[in-house]
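Everything on this sheet refers to the single structure shown next.
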Number of protein chains: 2
Amino acid sequence: MNDTYEPPVLTVDSVIFQLLDNKLAVLLIQRTNEPFKDQWALPGGYSAAGETTREAMARVLSAKAGLQVKDLRFIEQLYTFDTVARDPRGHAVSVTYMGLSINLKPLVSENTQKPTFFSLDKLPELAYDHADIVHYALERLRSKITYTNAVHAFLPTSFTLTQLQVAYEAILGHSLDKRNFRKKIGATGLIKPTEKYYQEGAHRPARLYRFKNQTPQESVPIFG
Amino acid sequence: MNDTYEPPVLTVDSVIFQLLDNKLAVLLIQRTNEPFKDQWALPGGYSAAGETTREAMARVLSAKAGLQVKDLRFIEQLYTFDTVARDPRGHAVSVTYMGLSINLKPLVSENTQKPTFFSLDKLPELAYDHADIVHYALERLRSKITYTNAVHAFLPTSFTLTQLQVAYEAILGHSLDKRNFRKKIGATGLIKPTEKYYQEGAHRPARLYRFKNQTPQESVPIFG
DNA sequence: ACAAAAGTGTTAAGAATACACCCATGT
DNA sequence: ACATGGGTGTATTCTTAACACTTTTGT
């Protein structure tokens, strides 16, 4: 390495998913500056020397969306994009992350950039190559929930089997057979029944279940 | 973004695999500078502004190992590591790539850094967190060959079914049943028979096959 | 004729799919 | 009593896994 070394600009972009109204939704902010001024985009920003890209992601999420990274129940690095010229000053490299959680309430104020969760089937046009990044994240998520306990991030600590199935269906984008679903989810050993029931409406109460682990766990493949 | 922005140091590291002597082997170089002077490491180096990380990878491979990236038959980005302090000057971010090919001959000269292919079961101690990176790459490779045509990168354009099976076994690290292997590989539709045979030794000649596509293709999962 | 690798099919077990009725509750 | 979502089992098809002998060639 010589003394004239100039590193490229490094940025981070986050794809934050949660379920809203039984649909998968992604967090977007509205840009306040050029390029793509006023367009919707993933929350992202610069990563500086002396912080990890995860730390940069935390800082950016807090600044642009008023969300704390500690409220995310699953975080995973996705991919590093470096083909798009995102900054007029030249070549930029963007490390992307996927975050999953429940009950996220982005803070809309004059300090943030109109952070809003959009249902995946009603996405606005996105800045940069962010539509590609969302697509990539969705593929990863779909694949991830078929061999890990990653859905746990979308559900309360205890939940009914119907809630769990609805979560899978929202993410996978198609419906599942109730009996086969219960058979397979039981076979994974990822969840356990509790002694509690959830009563709502004029019908039989539903047994509540929990995930045995909140930390990432592998399992046998489930649900094509 | 303000004027005091300082990007972190950006590096690339490559995990280059090929089969040698029916075993999976990885390319290492011997470091000539501190830190980890004289230790074996993955070929890596700085990525500068104005080049993509792929271009940086090509430059570094050529400089340190005398290999041309156009001779790689499969390249894929793996993961971006940014937790290891690899440079005394501070925090560094490393984008890693996996490359696969056949008949790679690294150039050992005074300009390169003793580039050598090591069988995976005889790896020396590696600098930095490079053992982790190799392990990560191996997992990715094992998974990749079970649902894509990625093995094609390790084989000549036409090959026998036994050669193909030996390649799978070398990568997966365990042996496979010959009849079941042929049944499954046939079912993927990834390969097609040619009219040629390969004669070697005092036994029945083996039919030669080709991959239908050299470009990345998905298929049904094969070979646990 | 023998040695050496190529080639080929069947059976059994397990996994995936399709499918319909009874249960517990509130009104 | 009825409406609503919760809960359960079986039969069929498909997939996987285990396993051994015949074929073609060179010497």
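Here is how names work: the chains are called A, B, and so on, in the same order as the sequence lines, proteins then strands, and each is numbered from 1.
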Separation of His174(A) atom NE2 from dA18(C) atom P, in whole Å?
12 Å
Can you tell me the distance, in whole Å, between the CG atom of Asn180(A) and the C1' atom of dA11(D)?
12 Å
Phe159(A) ring center near Phe211(A) ring center (under 6.0 Å)
yes
Check this one for me: any side-chain N or O of Arg182(B) less than 4.0 Å away from OP1 or OP2 of dG7(C)?
yes
Would you please say whether a donor-acceptor pair under 3.5 Å links the side chains of Tyr197(B) and Arg204(B)?
no
Tell me the interatomic distance from His203(B), atom NE2, to dA5(C), atom P, rounded to whole angstroms.
6 Å
Establish, with yes or no, whether the OP1 or OP2 oxygen of dT8(C) is under 4.0 angstrom from a side-chain nitrogen or oxygen of Lys178(B).
no
Gln165(A) CD - dG7(D) C1' separation (whole Å)
12 Å
Report yes or no: do Thr194(B) and Ser158(B) form a side-chain donor-acceptor pair below 3.5 Å?
no
Heavy-atom count check: over 12 atoms from other residues, nucleotides or ligands less than 6.0 Å from Lys114(A) NZ?
no
Rounded to whole Å, please give me the gap between CD1 in Ile185(B) and P in dT16(D).
13 Å
How many whole angstroms separate atom OH of Tyr198(B) from atom P of dA4(C)?
17 Å
Assess the side chains of Asp82(B) and Thr52(A): does a donor N or O sit below 3.5 Å from an acceptor N or O?
no
Would you indicate, yes or no, if dA5(C) has its OP1 or OP2 atom less than 4.0 angstrom from a side-chain nitrogen or oxygen of Thr162(B)?
no
Looking only at side-chain atoms of Arg204(A), point me to the closest of dT25(D), dT16(D), dG7(D).
dG7(D)
Which part of the nucleic acid, if any, lies within contact of Gln199(B), taking any heavy atom under 4.0 Å across all strands shown: a base, the sugar-phosphate backbone alone, or nothing?
sugar-phosphate
Once hydrogens and angles are ignored, does a donor-acceptor distance under 3.5 Å link the base of dA20(C) to the side chain of Arg179(A)?
yes
May I have the distance from Lys184(B) (atom NZ) to dC14(D) (atom C1'), rounded to whole angstrom?
13 Å
I want to confirm an ordering. Mapping Asp177(A) and Gln163(A) to their closest nucleotides on DNA chain D, which one lands closer to the 5' end?
Gln163(A)
Looking at the base of dT17(C), is there any donor atom on it, or on the side chain of Lys183(A), that sits under 3.5 Å from an acceptor on the other one?
yes
To the nearest Å, give me how far apart CZ (Arg207(B)) and P (dT24(D)) are.
13 Å
Starting at the 5' end of DNA chain C and moving along, which residue's nearest nucleotide shows up first, Ala202(B) or Tyr209(B)?
Ala202(B)
